[in-house]
Amino acid sequence: HIHKKTQPDIFIFTLPRTGSTLLAEILNTTKHSKSVLEPFNMNRQTRPIIAKYIDDKVISERYFQLSNHQLDCIKIYLEDLSAGKLFNAYSWSDINTAYHSFKTENSIFKIHKISYYFDDIMNHFTSDYGLYLLRHPISHSLSRIRNNWSHYIKEFSTSEKIINQLTFNQNKLITETLNSNDILSKFVLSWCLENFVFLNAQRNNTLNNNVIPIYYERIILNTKKTINELYSFIQTKPNKAAFEIVNKPSKGVIHSSKETQKQILSKNKVYLIDRWQSQVSNTQLSNCQLILDTFNITIYNTNQSLPILK
């Protein structure tokens, strides 16, 4: 494989279980792209590489507090990945497809863990593109609960970029939710806090010029329009394969149920978007809506699955 960057890179910032693998696979259908999957995930192969840039003590499930020096080290790490100086232990998702190429000109970074710092990263990589991927908070939360994952309310609510922006009512709700037995509310609240920096920037129209929001639900239900808009933003033309990827189970099926894979193959797209509605009670819906209202979330609500866009 030969990599020489001559085209802008694409950074996907999101939380796990939001559809980032699907989005990366759509983008990776272009011949010149190389997928760099989850460069901050730690395993036996990546740990020695990452450790050359980032102190082990900093690395965790999410990066809550980074010093300026640590953030600079992360930027250098991404720069070296972009330039092809480093081996990425996660295989290219297109390796067995017709659009795989051994000569690539840009990288697609699927980045979990540091979506909290998306603005700092994209202020540095000004010639590249940033996509911030969102999924309905209840749907996303149920997926994380099903996989027995954690929420991060305490960590994010006390983090440097958030703590001074929280209102009295938001802090009160955080305390009440932490003391409650409502697991779904805790994960929805965590969703609000984990996406807090992006949602505030979007609400205040202060997003970086090289960053746009992408919605999982629109990829699934409005595939053609969404992909065309996406490729227009990155100033590239999509090929036929980009539109067909949505009808195939993602490479990240390790966390998807067999029923989900079956529904994808049968092209039952409504199931993928609406199934959460039958899994929550009216009381849970009311509690979740209170959280969304308290955090001024208007993109999603508990009455419908699709994002509400102006």
Peer 1: Is it true that Glu105 and Lys31 have a side-chain N and a carboxylate O under 4.0 angstrom from each other?
Peer 2: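 No, Glu105 and Lys31 are not salt-bridged.
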
Peer 1: Hey, are Asp9 and Lys34 close enough for a salt bridge, meaning a charged N less than 4.0 Å from a carboxylate O?
Peer 2: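 Between Lys34 and Asp9 there is no salt bridge, as every charged N stays at least 4.0 Å from the carboxylate O atoms.
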
Peer 1: Could you tell me if the side chain of Thr14 sits less than 4.5 Å from the side chain of Leu134, heavy atoms only?
Peer 2: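 Contact flag for Leu134/Thr14 side chains = no.
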
Peer 1: With sequence neighbours left out, write down each residue that passes side-chain contact (heavy atoms from CB on, under 4.5 Å) with Leu178, or none if nothing qualifies.
Peer 2: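 Per chain and number, Leu178 pairs via side-chain contact (heavy atoms from CB on, under 4.5 Å) with His151, Ile153, Lys154, Ile174.
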
Peer 1: Check whether any side-chain heavy atom of Ile308 lies under 4.5 Å from a side-chain heavy atom of Thr298, and answer yes or no.
Peer 2: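 No. Closest side-chain heavy atoms not under 4.5 Å.
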
Peer 1: When hydrophobic residues are tied together by side-chain contacts of less than 4.5 Å, even through go-betweens, does Leu86 share a cluster with Ile2?
Peer 2: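 They do not share one cluster, since no chain of ILVMFWY contacts under 4.5 Å joins Leu86 to Ile2.
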
Peer 1: How long is the straight-line distance from CD1 of Ile234 back to CG of Leu131, given to the nearest 0.5 Å?
Peer 2: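 Going from the CG atom of Leu131 to the CD1 atom of Ile234 covers 7.5 Å.
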
Peer 1: So, Gln289 side chain and Ser286 main chain: donor-acceptor pair closer than 3.5 Å or not?
Peer 2: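 The answer is no, because no donor-acceptor pair under 3.5 Å joins these two groups.
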
Peer 1: Do Arg144 and Asn147 pass the side-chain hydrogen bond (donor to acceptor under 3.5 Å, both in side chains) test, and can you show the C-alpha distance, the side-chain angles, and the key distance before you say yes or no?
Peer 2: CA-CA 5 Å; Arg144 287 171 68 171; Asn147 283 288; over 6 Å; no

Peer 1: Between Pro8 and Ser127, which heavy-atom pair has the shortest distance, and what is it?
Peer 2: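 Shortest heavy-atom contact: CB-O, 3.4 Å.
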
Peer 1: Is Leu207 reachable from Leu309 through a run of I, L, V, M, F, W or Y residues, each pair having side-chain heavy atoms under 4.5 Å apart?
Peer 2: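 Yes; tracing contacts between hydrophobic side chains, which count when under 4.5 Å, links both residues.
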
Peer 1: Under a 3.5 Å cutoff, is there a donor and acceptor pairing between the side chains of Gln277 and Ser305?
Peer 2: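 Side chains of Gln277 and Ser305: pair found under 3.5 Å.
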
Peer 1: Roughly how far, to the nearest 0.5 Å, is OG1 of Thr21 from CG of Leu37?
Peer 2: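 Rounded to the nearest 0.5 Å, the CG-OG1 separation comes out at 7.0 Å.
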
Peer 1: Between Ser33 and Ile108, which heavy-atom pair has the shortest distance, and what is it?
Peer 2: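 Shortest heavy-atom contact: CB-CD1, 3.7 Å.
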
Peer 1: Out of curiosity, Ile227 CD1 to Asn239 CG, how far, rounded to the nearest 0.5 Å?
Peer 2: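 Here the rounded value is 10.0 Å.
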
Peer 1: Quick one: are the ring centres of Phe40 and Tyr77 less than 6.0 Å apart?
Peer 2: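 Close enough - the centres of the two rings lie under 6.0 Å apart.
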
Peer 1: Whether Asp128 and Lys5 form a salt bridge (side-chain N of Lys/Arg under 4.0 Å from carboxylate O of Asp/Glu) is what I want to check.
Peer 2: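 A salt bridge links Lys5 with Asp128.
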
Peer 1: In terms of relative ring orientation, are Phe156 and Tyr152 parallel, tilted or perpendicular, with 30° and 60° separating the classes?
Peer 2: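 Perpendicular.
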
Peer 1: Just wondering, more than 12 heavy atoms not from Asn179 lying within 6.0 Å of its CG?
Peer 2: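 Counting other residues, nucleotides and ligands, CG of Asn179 exceeds 12 neighbours.
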
Peer 1: With Gln235, which residues qualify under side-chain contact (heavy atoms from CB on, under 4.5 Å), at least two apart?
Peer 2: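 Gln235 satisfies side-chain contact (heavy atoms from CB on, under 4.5 Å) with Tyr129 once adjacent residues are dropped.
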
Peer 1: Evaluate the side-chain proximity of Phe295 to Phe196: yes if any heavy-atom separation is below 4.5 Å, no if none is.
Peer 2: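 The answer is yes, as the side chains (C-beta and beyond) meet within the 4.5 Å cut-off.
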
Peer 1: Say you draw a straight line from NZ of Lys52 to CG of Asp80; how long is it, rounded to the nearest 0.5 Å?
Peer 2: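 One finds 10.5 Å between NZ of Lys52 and CG of Asp80.
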
Peer 1: Using the test side-chain contact (heavy atoms from CB on, under 4.5 Å), find all partners of Ser67 that sit at least two apart in sequence or belong to another chain.
Peer 2: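 So Ser67 forms a side-chain contact (heavy atoms from CB on, under 4.5 Å) with His69, Gln70.
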
Peer 1: Could you tell me whether the side chain of Leu71 reaches within less than 4.5 Å of the side chain of Ile114, counting heavy atoms only?
Peer 2: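 When only atoms from C-beta onward are counted, Leu71 and Ile114 do not touch, as no gap falls below 4.5 Å.
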
Peer 1: Strictly by modelled atom types, are Glu155 and Tyr116 linked by a side-chain donor-acceptor pair under 3.5 Å?
Peer 2: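 No, no side-chain donor-acceptor contact under 3.5 Å.
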
Peer 1: Measuring from atom NE2 of His32 to atom NZ of Lys4, what distance do you get when rounded to the nearest 0.5 angstrom?
Peer 2: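 Between His32 NE2 and Lys4 NZ, I get 15.5 Å after rounding to 0.5 Å.
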
Peer 1: Please enumerate all residues that pass side-chain contact (heavy atoms from CB on, under 4.5 Å) together with Thr294, with sequence neighbours excluded.
Peer 2: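 Here the qualifying residues are Asn169, Gln170, Leu173, Leu290.
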
Peer 1: Check whether Ile76 and Phe109 end up in the same hydrophobic cluster, where Ile, Leu, Val, Met, Phe, Trp and Tyr are linked by side-chain heavy atoms less than 4.5 Å apart.
Peer 2: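 Hydrophobic grouping puts Ile76 with Phe109.
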
Peer 1: Check this for me: Glu160, atom CD, are more than 12 non-hydrogen atoms of other residues, nucleotides or ligands nearer than 6.0 Å?
Peer 2: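 It does not: Glu160 CD has 12 such atoms or fewer within range.
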
Peer 1: Within the 3.5 Å criterion, strictly below it, is a donor on Asn123 or Asn208 matched to an acceptor on the partner's side chain?
Peer 2: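 Yes - a donor-acceptor pair under 3.5 Å links their side chains.
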
Peer 1: Any side-chain heavy atom of Asn303 sitting closer than 4.5 Å to one from Leu285?
Peer 2: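 The answer is no; the side chains never approach within 4.5 Å.
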
Peer 1: Looking at every non-hydrogen atom in both residues, tell me the closest pair between Asn28 and Ser35 and how far apart they are.
Peer 2: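 For Asn28 versus Ser35, the nearest heavy atoms are ND2-CB, 3.6 Å.
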
Peer 1: What's the shortest heavy-atom distance between Met122 and Gly130, and which atoms?
Peer 2: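 Result for this residue pair: CE-N, 3.5 Å.
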
Peer 1: Check whether Ile183 and Val188 end up in the same hydrophobic cluster, where Ile, Leu, Val, Met, Phe, Trp and Tyr are linked by side-chain heavy atoms less than 4.5 Å apart.
Peer 2: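 They do share one cluster, since a chain of ILVMFWY contacts under 4.5 Å joins Ile183 to Val188.
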
Peer 1: Does Arg135 reach the main-chain N or O of Arg17 with its side chain, forming a donor-acceptor pair under 3.5 Å?
Peer 2: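 Present.
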
Peer 1: Determine the minimum heavy-atom distance between Gln304 and Pro307, stating which atoms define it.
Peer 2: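 Smallest interatomic distance, heavy atoms only, reads NE2-O, 4.3 Å.
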
Peer 1: Kindly state whether the ring of Phe118 and the ring of Phe198 have centres lying under 6.0 angstrom apart.
Peer 2: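 Yes.
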
Peer 1: Taking atom CG of Asn204 as the centre, report whether more than 12 heavy atoms of other residues, nucleotides or ligands fall under 6.0 Å from it.
Peer 2: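 Enclosed: over 12 neighbouring heavy atoms sit under 6.0 Å from CG of Asn204.
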
Peer 1: With sequence neighbours excluded, tell me which residues meet side chain to side chain donor-acceptor pair (under 3.5 Å) with His3.
Peer 2: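 Side chain to side chain donor-acceptor pair (under 3.5 Å) check on His3 returns Thr104.
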
Peer 1: According to the ring pair (Phe, Tyr, Trp, His ring centres under 6.0 Å) rule, which pairs have a member within residues 202-232, sequence neighbours left out?
Peer 2: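 Ring pair (Phe, Tyr, Trp, His ring centres under 6.0 Å) check on residues 202-232 returns no pairs.
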
Peer 1: To the nearest 0.5 Å, what is the distance between CD1 (Ile121) and CZ (Phe125)?
Peer 2: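 Rounded to the nearest 0.5 Å, the CD1-CZ separation comes to 6.5 Å.
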
Peer 1: How far apart are the closest heavy atoms of Leu15 and Glu194, and which atoms are they?
Peer 2: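 Smallest heavy-atom distance, with atoms named: CD2-OE1, 3.6 Å.
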
Peer 1: Would you say the side chain of Asn228 lies within less than 4.5 Å of the side chain of Pro238, judging by non-hydrogen atoms?
Peer 2: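 In short, these two side chains touch, coming nearer than 4.5 Å.
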
